[in-house]
*Asks:* 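The structure under discussion is supplied below as structure tokens; questions concerning it will follow.
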Amino acid sequence: MGKNNHALMTGLFLVALITATVVVIYWIGHFERERDLYVISTRQSVSGLNPESTVFYRGIAVGKVRKIQFDPKDFGTILVPIEVDKDITLTKGVYATLRLKGVTGLTQIELQDDGKVQEVLPPGNDPMTRIPLVPSLTDKLMLSGEDLLKKAEQIMGRLNSLLNEENEKNISEILDNFNTLTAKFSDLQMAVDKALAGVPALSADAQKTLTHINALTDDLKLLTRNVQTLSNKAESLADKGQTTGDLLLQTTLPKINDLLSELQSTTTQVKRVATMLENNPQSLLLGPAEPEPGPGEPGYKEPK
């Protein structure tokens, strides 16, 4: 009876073991089928990256690195096939960077997407659908650090060439000249202080001068007013003269012209009377002689 129980327990254990093994194998196979294959392509170093390294997408673990190999068609390119969960949708704008794993020196894959491209990236090893590996912030800082070290080395070399014996001598002379200039500046400061001490007296004189200038300005204003008054009177006189001239031209001159015309007519008549008296003085007493009758008039005689 004990042997039968032992055999039964052994059989049940074997059945349970086989069932668990089948379940684990099925789960592993099902897990493998629930992942898509993508390929990362790069021409830079992938130091610290190993197969089975975790793949992150926006900080979440979504897969693993399958292997790392050179491109058979271009040995300058490194291909990193990765497995990503099927429920993760990648677009053609996705890119990869290397992510440090603590202080171990190992790296992991970090997938990022800027969201500018909405077209879905199909899985596979097509060269047109490979994910680019771009330098991470740490890589950029390291490259920048190398450039800074090179530039610092160049600056140190230039400083060494600058600080030779001749330049050191020139710098010493410049410093001596600067000390001399500083001493002269102190003397100048003392002279300026003395000049500033005389400023109050100069200010008083300036105040007196300003007072005289104000008085002169008042006199000038009074003179200006007088000149303005005289100018106004002259302008009024000019206006009156212009009015008188207009009146003379419009009224007096026409009357003078008429008077001269009458005087000329009178003069002509006086001349005529004088001529008549000169030729016939008795006409003054007897009156002017009657004119001889003309043709057709009584007493007319035809000439013989």
*Asks:* Does the side chain of Asp113 come within less than 4.5 Å of Thr91's, by heavy atoms?
*Replies:*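 A side-chain contact under 4.5 Å exists here.
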*Asks:* Testing Ile131, Val120, Val117 for side-chain contact (heavy atoms from CB on, under 4.5 Å) with Lys92, which one passes?
*Replies:* Val117
*Asks:* Does Ile78 reach the side chain of Ile68, with side-chain heavy atoms less than 4.5 Å apart?
*Replies:* yes
*Asks:* So that I can tick it off, tell me whether Asp71 and Arg43 are bridged by a salt bridge, with the cut-off set at under 4.0 angstrom between side-chain N and carboxylate O.
*Replies:* no
*Asks:* Determine yes or no for a side-chain-to-main-chain donor-acceptor pair under 3.5 angstrom, with Thr19 supplying the side chain and Val15 the backbone.
*Replies:* yes
*Asks:* Would you mind reporting whether Ile40 and Leu79 have side-chain heavy atoms less than 4.5 Å apart?
*Replies:*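 No, their side chains stay 4.5 Å or more apart.
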*Asks:* Using every non-hydrogen atom in the two residues, find where Arg66 and Glu83 come nearest and quote the distance to one decimal.
*Replies:* NH2-OE2, 2.6 Å
*Asks:* Identify the two heavy atoms, one from Phe70 and one from Phe75, that lie closest to each other, and give their separation to 0.1 Å.
*Replies:*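 Heavy-atom minimum between the residues: CD2-O, 3.3 Å.
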*Asks:* At what distance, to the nearest 0.5 angstrom, does CG of Asp176 lie from CD1 of Ile171?
*Replies:* 12.0 Å
*Asks:* Do Leu106 and Val55 land in one hydrophobic cluster if side-chain heavy atoms of ILVMFWY residues count as linked below 4.5 Å?
*Replies:* no
*Asks:* Kindly confirm or rule out a cation-pi arrangement of Arg130 over Tyr38, judged by NZ or CZ under 6.0 Å from the six-membered ring centre and within 45° of its axis?
*Replies:* no
*Asks:* Check whether the side chains of Gln108 and Glu110 place a donor and an acceptor atom closer than 3.5 Å, and report yes or no.
*Replies:* no
*Asks:* Does any non-hydrogen side-chain atom of Leu98 lie less than 4.5 Å from one of Ile109?
*Replies:*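 Ile109 reaches Leu98 side chain to side chain.
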*Asks:* Do Leu111 and Tyr95 have side-chain heavy atoms sitting under 4.5 Å apart?
*Replies:*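 Not in contact.
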*Asks:* Taking atom OG1 of Thr89 and atom OH of Tyr57, what is their separation to the nearest 0.5 Å?
*Replies:* 8.0 Å
*Asks:* Taking Thr107 for its side chain and Gly48 for its backbone only, find out whether a donor-acceptor pair lies under 3.5 Å.
*Replies:* yes
*Asks:* Only one of Thr77, Leu133, Leu49 forms a side-chain contact (heavy atoms from CB on, under 4.5 Å) with Thr42, so which one is it?
*Replies:* Leu133
*Asks:* Could you check if a side-chain atom of Pro123 sits within less than 4.5 angstrom of a side-chain atom of Leu37, using non-hydrogen atoms only?
*Replies:*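 With C-beta onward as the side chain, the pair stays apart.
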*Asks:* State, yes or no, whether a side-chain contact exists between Lys64 and Arg35 at a heavy-atom distance under 4.5 Å.
*Replies:* yes
*Asks:* Side chains of Ile82 and Val39, heavy atoms from C-beta outward: is any pair under 4.5 Å?
*Replies:*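 A side-chain contact is absent here, since even the closest heavy-atom pair is not under 4.5 Å.
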*Asks:* For a quick check under 3.5 Å, do Asp126 and Thr129 share a side-chain donor-acceptor pair by atom type?
*Replies:* no
